[in-house]
Undergrad: 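First the structure, which I've put down as structure tokens, then a few questions once you've had a look.
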Number of protein chains: 2
Amino acid sequence: MALEHAILVSLLEQPGSGYELAHRFDRSIGRFWTATHQQIYRVLGRMGADGWITAEQVDQRGRPDKRRWSVTDPGRAVLTDWLREEVQPEAVRHELAVKVRGAAFTDRAGQVALLVEVARYRADHEAVLARYLAGERRDFPGTVPADDRAALQHVVLRGGIAYERMVLAWLDDVLATLRGLDH
Amino acid sequence: MALEHAILVSLLEQPGSGYELAHRFDRSIGRFWTATHQQIYRVLGRMGADGWITAEQVDQRGRPDKRRWSVTDPGRAVLTDWLREEVQPEAVRHELAVKVRGAAFTDRAGQVALLVEVARYRADHEAVLARYLAGERRDFPGTVPADDRAALQHVVLRGGIAYERMVLAWLDDVLATLRGLDH
DNA sequence: TCCTGCTATGCAACGAGTTGCACAGCAAGG
DNA sequence: CCTTGCTGTGCAACTCGTTGCATAGCAGGA
């Protein structure tokens, strides 16, 4: 379990409310660690009780007050310790791979339906790649990184870009294979 | 939720016991859908109660009896229906990406420790790739697939191979970035 | 004016998945 | 002979994550 750690990193990069965190998880960090707002609020409460983070009340005109969370020294120590732990093997859950193998056990119409669905899925990933590339142009225009933080954020983004490119190429392979099945 | 469906596909490819399924999930299917044996037994029980699969008692000399599960017609229909559903976006949980961004908030010693850990992690993925390539040479030696099932299994395996190659290249990028941090 | 949507926080219930443990017999090696 | 390891099944407790729902004020468009 590491939602806590993803939140610590996100709050160190920029303090913010639960609501803001939920949105960041939809955009930046969330590409590598997803979470819903309900889960984030619950974990924030626990982390606050454990003293890893503290909240500061921020009054806002015309909007509900928010609680801006930031990381405490004990919270920072928790993160440092976690960084030294072994990286766990990822728990892979690739639904599409299961469906592709399952396509051997359905009829021709089912295979065609899957083909259409794969094409739609491919378009989604193409959009994600375009978003990553736009983000890269915006946030990392130069060749030399501004500082350590930027260099590390950039290499993670490059990982996302490489992943999406690999997925697109594989989906083309899948589409060609589905088209080439006996019929 | 789709462990049920992964089990249906695996049992259609080859009927077997819970124990055998757990091992397949460690090897073949498990590269794309992980599960522990406890979870598999529980889900097999539910699927049996729902009539998706049936068990046949197999007596074995010198070993505990086992229950060989196979898919029923209703189970096959469940799989067919599921194949027609939308592919859900994957819930990404990439611990290493979080750690890499977190490396901006630790000291030099912590960054070096992470570098060592990334190198170890890279060796694991190199071993996985070698296993995939060996499996490909063994199971798909020819250029023309034997049948639909083989063609689909092969394209999924090619996806695993492409994924591992992408990961290795990205890890090299990460290692270079960690080495190049200010110090 | 009314409806939709955004900011902002949170509870309750459920389902999925992990961890720890238990039992039982056989095979193989030190 | 004893220990380790494999085959085989399963329960119980717990944590993690999702889904549905609730509240509340303001902004903006039809």
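Computed from a predicted model, the values in this text were never measured in an experiment.
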Undergrad: Would one find a side-chain N or O of S17(A) under 4.0 angstrom from OP1 or OP2 of dT7(C)?
TA: no
Undergrad: Quick one: I40(A) CD1 to dA8(C) C1', roughly how many Å, whole number?
TA: 13 Å
Undergrad: Round to the nearest Å and state the distance from Q88(A) atom CD to dT18(C) atom P.
TA: 12 Å
Undergrad: Mind calculating the distance between OH (Y41(B)) and C1' (dG10(D)) to the nearest angstrom?
TA: 8 Å
Undergrad: Starting at the 5' end of DNA chain D and moving along, which residue's nearest nucleotide shows up first, Q38(B) or R93(B)?
TA: Q38(B)
Undergrad: Return the orientation label for the H94(A) and W170(A) ring planes: parallel under 30°, perpendicular over 60°, tilted otherwise.
TA: perpendicular
Undergrad: I need the NE2-P distance between H23(B) and dT9(D), as an integer number of Å.
TA: 10 Å
Undergrad: Taking atom P of dG10(D) as reference, at what distance in whole Å does atom CG of L44(B) sit?
TA: 9 Å
Undergrad: When rounded to the nearest 0.5 angstrom, what is the spacing between OG in S17(A) and NE2 in H37(A)?
TA: 11.5 Å
Undergrad: Between dC16(D) atom C1' and W33(A) atom CH2, what is the distance in whole Å?
TA: 11 Å
Undergrad: At under 4.0 Å, does any side-chain N or O of Y19(A) touch on OP1 or OP2 of dT9(C)?
TA: no
Undergrad: Mind calculating the distance between CZ (R46(A)) and P (dT9(C)) to the nearest angstrom?
TA: 18 Å
Undergrad: Side chains of Q153(A) and E13(A): donor-acceptor distance under 3.5 Å anywhere?
TA: yes
Undergrad: Parallel, tilted or perpendicular: which describes the rings of H154(B) and F140(B), with under 30° parallel and over 60° perpendicular?
TA: parallel
Undergrad: Considering just the side-chain nitrogens and oxygens of Q39(A), establish if one lies under 4.0 Å of OP1 or OP2 belonging to dG17(D).
TA: yes
Undergrad: Does R42(B) make a side-chain N or O approach to OP1 or OP2 of dT18(C) shorter than 4.0 Å?
TA: no
Undergrad: Does T36(B) have a side-chain nitrogen or oxygen under 4.0 Å from the phosphate oxygens OP1 or OP2 of dT19(C)?
TA: no
Undergrad: Going by an N to O cut-off under 4.0 Å, is there a salt bridge joining E20(B) and R68(B)?
TA: no
Undergrad: So does R67(A) get a side-chain nitrogen or oxygen closer than 4.0 Å to the phosphate oxygens (OP1/OP2) of dG10(C)?
TA: yes
Undergrad: Could you tell me the separation between the CD atom of E56(A) and the C1' atom of dT9(C), rounded to a whole number of Å?
TA: 17 Å
Undergrad: Among dG10(C), dG20(C), dG17(C), find the nucleotide with the atom closest to the side chain of H37(A).
TA: dG10(C)
